[in-house]
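Take a look at the structure set out below.
Below, chains carry the letters A, B, ... as their sequence lines are ordered, and counting in each starts from 1.
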Amino acid sequence: MTGTGDAQHVIRARQEKLRRLQELGVEPYAYRYEPTTSAGAAIRDYEAMAGESSVTSRLAGRVRSLRPHGKTTFVHLEDRTGKVQVYFRQDALGDEGYELIKLLDLGDWIGVEGPMFRTRTGEVTLRADKLELLAKTVRPLPYGKEETSETGEVVQHSGFADLESRYRQRYADLAVHPEVRSLFVTRAQVLREIRSFLDERGFLHVETPILQPIYGGATARPFTTYHRALDAELYLRIADELYLKRLIVGGLERVYEIGQVFRNEGIDRTHNPEFSMLEVYQAYADYHDMMDLTEGLVHHIVQEVKGSSVVEYDGNELDFKPPWPRSTWYEALEKHGSLDAYALDVASLRAAALDAGVEGAEDKGRTALLDGLFKALVEDELTGPVIIYDYPVELSPLAKHKRDGDTSLTERFELFVAGREIANAFSELNDPFEQRERFEAQVRMREEEGWEEAHQVDEDYISALEYGLPPTGGMGLGIDRLVMILTDRSSIRDVILFPTLRSG
RNA sequence: GACCGGGUAGCUCAGCUGGUAGAGCAGCGGACUUUUAAUCCGCAGGUCGUGGGUUCGAGCCCCACCCCGGUCACCA
């Protein structure tokens, strides 16, 4: 087993230090500390003062490096804003105070107090008059060493590179990698910008059930669980959709929800069993309005997070400045697959699918062939951002069909970026009679074709539609995938704090 | 699920055609009052993912399994 497992001799040595600290009357696990500044601010303020150093700073953080030199010791203290060097002298701290320095380890949380100065080598440093231990680290953190070369380049020595350990022990990964902390700061910023954008436009942030008696709103297998007191089987939601539209029926008119949904499917670098979705519903709007909303929202997020509309992802420059290219689903297939799929019969489609290497094409029907062709020929080409709209009806049981009367198509679009679906939206089906038929068609597909991802009939949802759902536009956006784009990560696990792993 | 690669000290890795395991950093002891990969001297640290097998002898070869990563498939 790899990872930060047992390090018994190191842990024992640190526990011995803990005992000695207690003998010295030092509480190794403190209750409180009140810093007056942060590492970043202390350095910035000192530099702004141009060398006058009478101010005493109080700083708290983690011991990131330790360089004892007999009666003096240099430490780098790290907090959420960065690192600052701290200089300890035996004559300043007293013999007893300096004993504490000798018992420090990498990773210990400490508080220090003293004036800032600049060392002979020019580094802004806190000269500590006081030291407080805030929490002892008895298990060694897998710190690598950093060397700053003459060119100012930071070179990492050793380090904590094993991906499995980093995901399983994210606390250690975060502790030793400031850039990982910063990625999750970016993720939080994305969530904040989504909320502020929608709040400003009169959308109401709501919460709907995660435990549901009937799941729906997407095509996916659910996780199943059991409620004792109710003696009932419940499902973890696969989407927020049906509950949010109930709220539109109720007159809330503009709602959104941000939260995790759960899909019982495979795990790979773009799929985690639980992932975060934004869903937005707006009364009186259609999918064209949702295209505008999606463009505006995503552009806003990119602009705020990156300070520009351009994002570099996997070596490509993606520009999110609206308007984005828009093309219909069939046009995209024609452009990238050179197929007039709309006009082709099933036999021709099958031939094309076999040609494109679509697995199982021999047994597939028209819809599945179309879908297979789209995935095989088009998706990878959609570097984006690009909006693909007007999907075949079988793929979209909750979307209204095209208003021009072509009932084989629905008013639905997806946003693609870097070959991946980022958002999915449609003019919501609000006809309760047609909705019942679509559900029943899904059930038939489940029963006749064994399609486990098919929708169930949600009678309560149909009742809600019977009370009247106004024309409504809805949109769902995969937050993890958006964060991947913004942080140039190729694995969804990198943008989820605690990704799902096999219990090993 | 299939295929490929990987799992050796706390971390990062090396380990030849099979001969009972090494380095750097971290750790421990010592020296050192402006260092910054601090340096110098000394020491300790390992069920080699797990279980079988072949062999006089296995980190290395064979089989099964576990976990991770990558690619593909699945996710109509």
Under a 3.5 Å cutoff, is there a donor and acceptor pairing between the side chains of [X] and [Y]?
X	Y	result
A:D162	A:Y167	no
A:Y87	A:R89	yes
A:S276	A:R187	yes
A:Y98	A:T73	yes
A:H336	A:E331	no
A:R67	A:S65	yes
A:S396	A:R412	yes

Report task. Answer with yes or no whether A:Q85 presents, from its side chain, a donor or acceptor under 3.5 Å of a partner atom in the base of B:rU35. Result -> yes
Query raised in the report: Would you say the base of B:rU35 and the side-chain of A:R67 have a donor-acceptor pair closer than 3.5 Å?
Result: yes
Requested in this report: Check RNA chain B for consecutive Watson-Crick or G-U pairs with both distances under 3.5 Å and list the runs of at least three as stems.
Outcome: B:1-7 with B:66-72, B:10-13 with B:22-25, B:27-31 with B:39-43, B:49-53 with B:61-65
Report summary line: So, with a heavy-atom separation below 4.0 Å from RNA chain B, the residues of residues 233-242 of chain A are none
Report task. Give, ordered by number, those residues of residues 72-82 of chain A having at least one heavy-atom distance below 4.0 Å to an atom of RNA chain B; if nothing qualifies, reply none. Result -> A:T72, A:F74, A:H76
Any base atoms under 4.0 Å from [X], or only sugar-phosphate, or nothing? Heavy atoms, all strands.
X	answer
A:K17	sugar-phosphate
A:R263	nothing
A:R127	base
A:D268	base

Separation of the [atom1] atoms in [N] and [M], to the nearest angstrom:
N	M	atom1	answer
B:rG1	B:rA37	P	48 Å
B:rA73	B:rU17	P	37 Å
B:rC62	B:rG24	P	32 Å
B:rC43	B:rU50	C1'	33 Å
B:rG15	B:rG59	C1'	8 Å
B:rG51	B:rG45	C1'	27 Å
B:rC28	B:rU35	C1'	22 Å
B:rC65	B:rA26	C1'	34 Å

Requested in this report: Kindly give the heavy-atom pair with the smallest separation between A:D494 and A:F184, and that separation in Å.
Outcome: O-CZ, 3.5 Å
Interatomic distance where [atom1] belongs to [X] and [atom2] belongs to [N] [whole Å]:
X	N	atom1	atom2	value
A:H69	B:rA37	NE2	P	10 Å
A:F223	B:rC75	CZ	P	17 Å
A:L163	B:rC67	CG	P	17 Å
A:L398	B:rA76	CG	C1'	15 Å
A:D162	B:rG7	CG	C1'	8 Å
A:E16	B:rG29	CD	C1'	13 Å
A:R502	B:rG7	CZ	C1'	16 Å
A:N272	B:rC74	CG	P	20 Å

Are [X] and [Y] close enough that some pair of their side-chain heavy atoms sits under 4.5 Å apart?
X	Y	result
A:I238	A:Q212	no
A:E434	A:L429	yes
A:F262	A:P222	no
A:Y287	A:Y389	yes

Report summary line: Side-chain atoms of A:R269 come closest, of B:rA76, B:rU34, B:rC72, to B:rC72
**Report entry** Which nucleotide in B:rG10, B:rU35, B:rC75 has an atom nearest any side-chain atom of A:T125
**Finding:** B:rU35
**Report entry** Side-chain ion pair, A:E99 and A:K102, N-O less than 4.0 Å
**Finding:** yes
Query raised in the report: Is NZ or CZ of A:R127 both nearer than 6.0 Å to the six-membered ring centre of A:F117 and within 45° of the ring axis?
Result: yes
Requested in this report: For A:Q90 and for A:R14, find the nucleotide of RNA chain B with the closest heavy atom, then tell me which residue's nucleotide is more 5'.
Outcome: A:R14
Query raised in the report: So which one's nearest nucleotide on RNA chain B is more toward 5', A:G266 or A:L501?
Result: A:L501
**Report entry** OP1 or OP2 of B:rC68 under 4.0 Å from side-chain N/O of A:R168
**Finding:** yes
Requested in this report: Answer yes or no: does a side-chain N or O of A:K375 lie under 4.0 Å from OP1 or OP2 of B:rC74?
Outcome: no
